[in-house]
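Single-structure report; data block below.
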Number of protein chains: 2
Amino acid sequence: MMKSSAEQAAIEKRLKAAGVRPTAQRIALARFLLNGADHPTAEDVKKWADENFPKMSLATVYNTLALLVRAKLIKEVKLPHTSRVIYDDRVSAHYHFLDEKSGKIYDVDPSEVEVKPRLKKNASVRGVEVLLRGRWESESRQIRERRGKTHVQ
Amino acid sequence: MMKSSAEQAAIEKRLKAAGVRPTAQRIALARFLLNGADHPTAEDVKKWADENFPKMSLATVYNTLALLVRAKLIKEVKLPHTSRVIYDDRVSAHYHFLDEKSGKIYDVDPSEVEVKPRLKKNASVRGVEVLLRGRWESESRQIRERRGKTHVQ
DNA sequence: TTCTAAATTTAGAACTATTCTATATATGAT
DNA sequence: ATCATATATAGAATAGTTCTAAATTTAGAA
């Protein structure tokens, strides 16, 4: 793990480079969002803040999330399985995979899914969003067999 | 256009076949949803009801939408450009196209978009959702030229 | 028909996630 | 240190949906 102070300095640099004034609250949140959080919701971010920063308000969490999105340091992701917005530190275009067992979201590189629209209609496609659903960790044979077996009393 | 009474009878039949008791409210809403509405939101449906059915409550609109979804007569669609749920009378698997100019949603048959996941990770994909964004009606050359031209005083 | 039990509809309260508002606090430039 | 501006704060407001409890309607029995 990176030393906390060095990490803070690096984050501060990234904020400045993106035109965001590095206040204490912003550095703390950016550190969480850019080095550690895994597709958190605003609620997840607030929870982290409550445990790691004194008296940060929910408004600051939302303000900062919006600011970091505008600065292109994080991306807003809206997926159909929840009404909560998810924040993603991967800012380049990519797709998502929803593990239906755990509810976890995984990023998928566009190169890993071939998408070729061949619309009958003469429309111009300017963007593509893809959500894959399934099991991210495929079950081992042993686990599958155990699950399949009826419990014997 | 189909004669209203015949249409009602047909709708009533479909509701019964799907195991839904055909009350007056349900017949009216199903008629709108299955023959005429184009990806309406709950608000659109309520608005139609206010203009075409006496005193229907918002709760009935939501109850009936949920009921028709459970009965697989319509499908719930959640898209990232709005926080409102959209209802679709096409119930088989398909993709969507968002016209970014009009905000309108169009259904796209899965045969019209080739999607081939080739994940590095050994995951099992059980479903794919695709949203295309762009212009559904591609502009004619004339319109494009007119739009491009600076207005001369 | 009338009665009755269950299903449905209703109005409005409650809820969730987010945005807004007004005030207080902190910051950087002078 | 002062001042103007930016930021942070608590809480109110909002949007969309779901819940609750009471009233109404329905289908079937008597």
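Chain identifiers are assigned alphabetically (A, B, ...) following the order of the sequence lines, protein sequences preceding nucleic acid strands; residue numbering begins at 1 within each chain.
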**Study point:** Pairing partner of D:dA30 (Watson-Crick or G-U wobble, both distances under 3.5 Å)
**Key:** C:dT1
Exercise for review: For B:Met56 and C:dT10, give me the distance from atom CE to atom C1', rounded to whole Å.
Suggested key: 12 Å
Review point. Which whole-number value in Å describes the distance from A:Asn63 CG to D:dG11 C1'?
Key: 14 Å
Review point. Should B:Ser57 be listed as having a side-chain N or O under 4.0 Å from OP1 or OP2 of C:dG12?
Key: no
Exercise for review: Scan B:Thr60 against the nucleic acid and name what it touches under 4.0 Å (heavy atoms): base, sugar-phosphate only, or nothing.
Suggested key: base
**Study point:** B:Lys13 atom NZ: more than 12 heavy-atom contacts under 6.0 Å
**Key:** no
Review point. More 5' along DNA chain C: A:Ala24 or B:Phe53, using each one's nearest nucleotide?
Key: B:Phe53
Practice item. Using atom types as modelled and distance alone, determine if a side-chain donor or acceptor of A:Asp99 lies under 3.5 Å from a backbone N or O of A:Lys104. Key: no
Check your understanding: Is any side-chain N or O of A:Gln25 closer than 4.0 Å to OP1 or OP2 of C:dA26?
Key -> no
Exercise for review: Report yes if a side-chain nitrogen or oxygen of B:Arg21 is closer than 4.0 Å to either non-bridging phosphate oxygen (OP1 or OP2) of C:dA6; otherwise report no.
Suggested key: no
Review point. Within the pair A:Tyr62 and C:dT18, is there a side-chain N or O less than 4.0 Å away from OP1 or OP2?
Key: yes
Review point. Within the distance-only criterion (no hydrogens, no angle test), does the side chain of A:Glu112 pair as donor or acceptor with the backbone N or O of B:Lys120 below 3.5 angstrom?
Key: yes
Point to revise | Nucleotide nearest B:Val85 when distance is taken to its side chain, options C:dT8, D:dT17, C:dA17 | key: D:dT17
Review point. Any side-chain N or O of A:Lys55 under 4.0 Å from OP1/OP2 of D:dA10?
Key: yes
Practice item. Could you tell me the separation between the NE2 atom of A:His81 and the P atom of C:dT16, rounded to a whole number of Å? Key: 18 Å
Practice item. State, to 0.1 Å, how close A:Ala28 and A:Phe53 come at their nearest heavy-atom pair, and which atoms those are. Key: CB-CD1, 3.5 Å
Check your understanding: What integer distance in Å separates A:Leu67:CG from D:dA8:C1'?
Key -> 13 Å
Exercise for review: Would you mind reading off the distance between A:Ile27 atom CD1 and D:dT7 atom P, rounded to a whole angstrom?
Suggested key: 13 Å
Review point. Side chains of B:Thr41 and B:Asp44: do they bring a donor and an acceptor to under 3.5 Å?
Key: yes
Review point. Atom CZ of A:Arg70 and atom P of C:dT19: how far apart are they, to the nearest Å?
Key: 11 Å
Check your understanding: Over how many whole Å does the gap from B:Leu58 atom CG to C:dT9 atom P extend?
Key -> 14 Å
Exercise for review: Report the nucleotide, chosen from D:dT9, D:dT17, C:dT8, that has the shortest atom-to-atom distance to any side-chain atom of A:Ala59.
Suggested key: D:dT9
**Study point:** Separation of C:dT10 P from B:Leu29 CG (nearest whole Å)
**Key:** 9 Å
Point to revise | Under-4.0 Å side-chain N/O to phosphate OP1/OP2 contact, A:Ser83 with C:dT16 | key: no
